[in-house]
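To start, the structure under review is shown below, and the notes come after it.
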Amino acid sequence: MNPRIATLDGNEAAALVAHRTNEVIAVYPITPSSTMGELADQWSAEGKTNLWGSIPAVIEMQSEGGAAGAVHGALQGGALATTFTASQGLLLMIPNLYKIAGELTPLALHVAARTIATHALSIFGDHSDVMAVRQTGVALLASASVQEAHDLALVAQAATLRSRIPMLHFFDGFRTSHEMQKVALLDDDDLRALLDDGLIAEHRRRALDPDHPVLRGTAQNPDTFFQAREAGNPFYDACPGIVQQLMDRLGARTGRRYGLFDYAGHPEADRVIVAMGSAVETIDETARRLNLDEDRVGVLKVRLYRPFDAAALIAALPPTVRRIAVLDRTKEPGAPGEPLFLDVVAAIADGWSRRSPRATLPVVVGGRYGLSSKEFTPAMARAVFAELARPEPRRRFTVGIMDDVTGLSLAWDRNFSIEPDDEVRAVFWGLGSDGTVGATKNTIKIIGEETPLYAQGYFVYDSKKAGAVTVSHLRFGPRPIRAPYLITSATFLACHQFDFLDKYDVLETAAPGATLLMNAPFAANEVWDRLPREVQETIVAKRMRVFAIDAARVAKEAGLGGRINTVMQTCFFAVSGVLPRDQAIGKIKEAIARTYGKRGTAVVERNFAAVDRTLAALAEIAVPGTVTATHRRPPIVAEHAPDFVRRVTAVIMAGKGDLLPVSAFPVDGTWPTATSRWEKRNLAEEIPMWDAGLCIQCNWCALVCPHAAIRTKVYDSAALAGAPEGFQHVSWRGPDLKGQAYTVQVAPEDCTGCSLCATVCPATDKADRTRKAIAMTPQRPIRERERTAWQFFLGLPEIDRTALTRVNAKTSQLFQPLFEFSGACAGCGETPYLKLLSQLFGGRAVIANATGCSSIFGGNLPTTPWTVDRSGSGPAWANSLFEDNAEFGLGLRLAADRHTEIARRRLQELRDDIGPELVDEILTAPQLRESEIYEQRARLAELEKRLDELDGPAVTDLLSVLDHLLRRSVWIVGG
Ligand code: SF4
Ligand code: SF4
């Protein structure tokens, strides 16, 4: 019987097996593994049963440590139990993994492998987490693709029951966990064929049971621990054979054959790359291509990494191999080599002569690649093979970056491609909120499940929350698609947001003759002239076909509001040629009926209407033979931005961070603050406009704004000299500073358009209650004018903080926010509080931030929102681990208190040299009121001046802690 085919991602592929083969599932969410737990939870909630007819109990714990503890307990209770995790989550499980392995307890745990935070946090994929548990005694089984994540999830579950060695089954975070592929599903009979009920009964018999009481977890002494630790050796010796038997049994049923180490390539290869995870697919495909020419190369795919079967590795290598490169997707600083490399070296040194007594040992070199989901492409694989062909290949190297510091990196030819001609490769640029990803996933399902074509989808998300750019990479073709890397020669590109063409090099990946589809808010005959010169140049040079549609208008007219996904999906099918047009339209309508059927026929009909209107509104744009545009893409950041922002931040903002060399980066993860002000995201369709005549000067608009994008200032009206035409101001009516000028001003390119300011504004026109002092107004027509007004506003003097006798909700908004333009969701309810705190105390704050939303909108590159005042003071910010912000903050507090004490003592010691009056004033300053803080700042400036004229160790010591004489504010911010 043919297997059922489904299009799904690696997380779902693994979870489909885990849910059917377990009784207890304890979870704690962590990217990129969360989907496995969420799906298991959903399936249990829907009443889906496991193989034995019961619904697995899914419980969410308080942490990954808790999930591991619950799993350990469930296993000791005789249940089949599992969990899913990644990165630090896996590290939190380590103590329990030692226990579970030491007690020889069957467990198949599934990991979407992810980077561990070091100089920075990263949610993306590499093997640093799984490599950090290889000492615990769990077996490590690697899947390289979505199909393997499905198949080897079963092998892991079956092998752990038979071997009693807990199995950690992993696959590459994001690259496999989130890649959609067409997969042949294992049915329940396949699962039963590998899972032995007798072994499950044995596992239950070993459970803690008062009718047959035993004791586990004893404390052992020097006389016994060591021997007992060796007693489990036979189980590890037997494990690889058991895994292979089960792989063979799976292969006999499904035709999909796996080995502990699988070799692919030239049968007489002289050069071989050893690797594990998704990269082996890329290397395999590259080797095939190279072997069509003169090369003799291959790849050894590592599947069972622990227990490491050295004999099986040697047996799998072709005897002709002379040069081996071992690629590790992890970094162990200071080690003689990375883990897989060292294991291969040891295996070859130990065992090669037993295989061929007179043969020379192959040369084995080691390289790092792909940290934090850095791309690994066929061009990079070819560069590694080329390095092996050199007379003296580098012993250690990196590939995929440009290392101009230690010179370790290999060069690669970015134009090398092995993509077949008969594939459709489509790249879609959209916004997180515009439905692009949903529509492209839908497209993959339509093509993958309803046609004989193979389909692959991968989605690159920008980690900003508001206005996140999403780039979907879709491949369709007549053969299985083994290309776990981004598309570099697209046959079709769609730009769902016209403004992207001004910001990003959307056409960079276009193949010659590619088709471009744009959502353009203009009439078809205007579109060409609206394109920046760079875009026109590429279109002409690559002889592209161009189509455009005003998708927002079509969607609106069809009653879909601003949702353009159905419109753009229809356009894709209409122009890409991936399916005959009529067939494709029929399939879209079927998908609409399935997706929206639950919401009623009216919704379905509206979407059907959108499809029909789309076909009428889609227009091909005539491409002239030459470039006609006079305007170019605006610079990414202003020319007067700081050097680092122009050299580094702007490159990342343009989506070209991969091109930055090693030397561009701080060595210890220290980055400048005050960078979000340089990123003009222009997210808002509508922005607030202030009506000075109606305003009652409550400052609520500024108080609630989550992005510090609307601000108020009170200033001397003399500063209005040179104000741009139409710059609004009125006379301030507050008791302090009465009569000075007052302005409410929006930052037009930083506002997210959330409209909270307009919602809270209490001032209305008595003659027309619908008119408020803040009105949301289309941004594009007033962008230039308001940009000029904003620049002028920024140049106005900041308020003299000592002149305010009362600081309250209203007057606090006259202080400069030191938290601005964060990437938080539009309308975020958390950021207004952070912003307010920054206005009150930000100039003397250090922040201990937990991991979560606030660490992402607070510290995610390229630009960050914590900023500085005119004197350069502002919050200093750090994120330690996920949950240790309280302890981390306590440490900061203890350090501050200790240094304050030192500073005060030194001050006393130097009293006569400095001047008793100043010293006494500093030591007795109350520093409670805003004015007192500012008086203390002035004293410290004077102190520093006087210390510059003195010398000696006490002076040096005091200068190093002088800042602590200003009362320091330590914040502990939740995730
Ligand atoms: Fe701030 Fe939202 Fe108003 Fe824009 S619309 S100024 S982001 S509150
Ligand atoms: Fe003026 Fe309205 Fe802002 Fe209050 S909320 S300051 S009334 S614009």
Side-chain angles (χ1 to χ4, degrees), residues 431 433 464-468 562 676-677 679-715 727-734 737 740-766 768-780 782-783 785-787 789-790 793-794 799 808-817 819-836 838-839 857 863 865 867:
L431 269 181
S433 52
K464 292 264 189 255
K465 287 166 181 271
S676 61
R677 61 176 65 171
E679 185 174 21
K680 299 299 171 197
R681 296 196 293 150
N682 283 304
L683 294 178
E685 292 279 323
E686 293 189 328
I687 58 172
M689 274 314 301
W690 180 49
D691 186 332
L694 288 181
C695 178
I696 59 167
Q697 304 185 357
C698 65
N699 287 353
W700 288 4
C701 49
L703 183 68
V704 300
C705 177
H707 302 278
I710 190 163
R711 299 194 189 172
T712 59
K713 266 189 187 178
V714 170
Y715 51 94
F727 185 78
Q728 293 193 78
H729 54 91
V730 287
S731 183
W732 172 245
R733 298 200 291 262
L737 305 168
Q740 291 207 354
Y742 169 75
T743 294
V744 177
Q745 176 65 47
V746 67
E749 297 178 291
D750 302 298
C751 166
T752 64
C754 72
S755 77
L756 283 182
C757 52
T759 306
V760 298
C761 177
T764 51
D765 184 350
K766 286 199 181 70
D768 174 4
R769 289 291 180 197
T770 62
R771 256 191 77 217
K772 282 188 161 190
I774 293 255
M776 296 304 286
T777 313
Q779 189 246 29
R780 204 179 271 269
I782 57 172
R783 188 189 288 177
R785 187 191 77 200
E786 290 305 307
R787 182 194 288 151
W790 171 249
F793 177 86
L794 285 181
I799 194 170
N808 52 26
K810 172 172 162 172
T811 55
S812 68
Q813 294 313 300
L814 301 174
F815 295 163
Q816 182 188 353
F819 177 83
E820 60 184 7
F821 319 137
S822 80
C825 302
C828 174
E830 191 174 356
T831 47
Y833 295 97
L834 289 176
K835 183 194 64 175
L836 176 60
S838 81
Q839 289 169 300
F857 64 61
T863 65
T867 189

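Any value given below was found using the heavy atoms of this structure, including those in side chains, with hydrogens, waters and symmetry copies removed. We count ligands from 1, going down the list as the structure has it; atoms in each ligand are counted the same way. One-based numbering along the sequence shown.
- Salt bridge annotation for K835-E820: absent, with no cationic side-chain nitrogen under 4.0 angstrom from a carboxylate oxygen.
- When the heavy-atom distances from atom 6 (S) of ligand 2 to L703, D691, T712, N699 are ranked, the shortest goes to N699.
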**Asked** Given the rule in the salt bridge (Lys or Arg N to Asp or Glu O under 4.0 Å) test, do E685 and R780 qualify, once you have shown the distances and angles that lead to the verdict?
**Response** CA-CA 7 Å; E685 292 279 323; R780 204 179 271 269; over 6 Å; no
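- For the ligand labelled ligand 1, residue I687 lies outside the 4.0 Å heavy-atom shell.
- Remark: ligand 2 atoms within the under-4.0 Å shell around heavy atoms of W690 are 8 (S).
- Those atoms of ligand 1 with a heavy atom of H707 less than 4.0 angstrom away are 7 (S).
- F815 does not carry K713 over the face of its six-membered ring by the limits of under 6.0 Å from the centre and within 45° of the normal.
- Listed by atom number, the atoms of ligand 2 under 4.0 Å from Y742 heavy atoms are 6 (S).
- Set against the non-hydrogen atoms of T752, the atoms of ligand 1 under 4.0 Å away are 4 (Fe), 7 (S).
- Counted by atom type alone, E786 and Q745 present one or more donor-acceptor pairs between their side chains at under 3.5 Å.
- Using a 4.5 Å cut-off on side-chain heavy atoms (C-beta onward), Q697 and Y742 make contact.
- Proximity to C757 (heavy-atom distance under 4.0 Å) selects the following atoms of ligand 1: 3 (Fe), 5 (S), 6 (S), 8 (S).
- Ring geometry for F727 against F793 counts as tilted: the plane angle lies between 30° and 60°, on a 0 to 90° scale.
- No more than 12 heavy atoms of other residues, nucleotides or ligands lie within 6.0 Å of CH2 in W700, so this atom counts as exposed by the packing criterion.
- In summary, the atoms of ligand 1 found under 4.0 Å from a heavy atom of C751, numbered by their order in the structure, are 4 (Fe), 5 (S), 6 (S), 7 (S).
- Counting protein heavy atoms only, atom 2 (Fe) of ligand 1 is closest to C754 SG, 2.3 Å.
- Only the backbone of S755 comes within contact range of ligand 1, with a heavy atom under 4.0 Å; no side-chain atom does.
- Nearest protein neighbour of atom 8 (S) of ligand 2, counting heavy atoms only, is I774 CG1, 3.4 Å.
- Of all the atoms in ligand 2, the ones that sit under 4.0 Å from a non-hydrogen atom of C761 are 2 (Fe), 5 (S), 7 (S), 8 (S).
- Residue-level proximity to ligand 2 for I696 is carried by backbone and side chain together, each with a heavy atom below 4.0 angstrom.
- Below 4.0 Å from some heavy atom of A763 lie the following atoms of ligand 2, by number and element: 7 (S).
- The pair E749-R681 fails the salt-bridge criterion, with no side-chain N (NZ, NE, NH1 or NH2) lying under 4.0 Å from an Asp/Glu carboxylate O.
- Under the 3.5 Å distance criterion, the side-chain polar atoms of K772 are left unmatched by any main-chain donor or acceptor of V760.
- Within the 3.5 Å criterion, the main-chain N or O of F857 finds no donor-acceptor partner in the side chain of S822.
- Between atom 4 (Fe) of ligand 2 and the options P688, C698, P762, the minimum heavy-atom separation is to C698.
- Using a 4.0 Å cut-off between charged side-chain N and carboxylate O, D691 and R771 make a salt bridge.
- Among all non-hydrogen protein atoms, the one lying nearest atom 1 (Fe) of ligand 1 is C705 SG, 2.3 Å.
- Residue, atom and distance of the protein heavy atom nearest to atom 3 (Fe) of ligand 2 are C701 SG, 2.4 Å.
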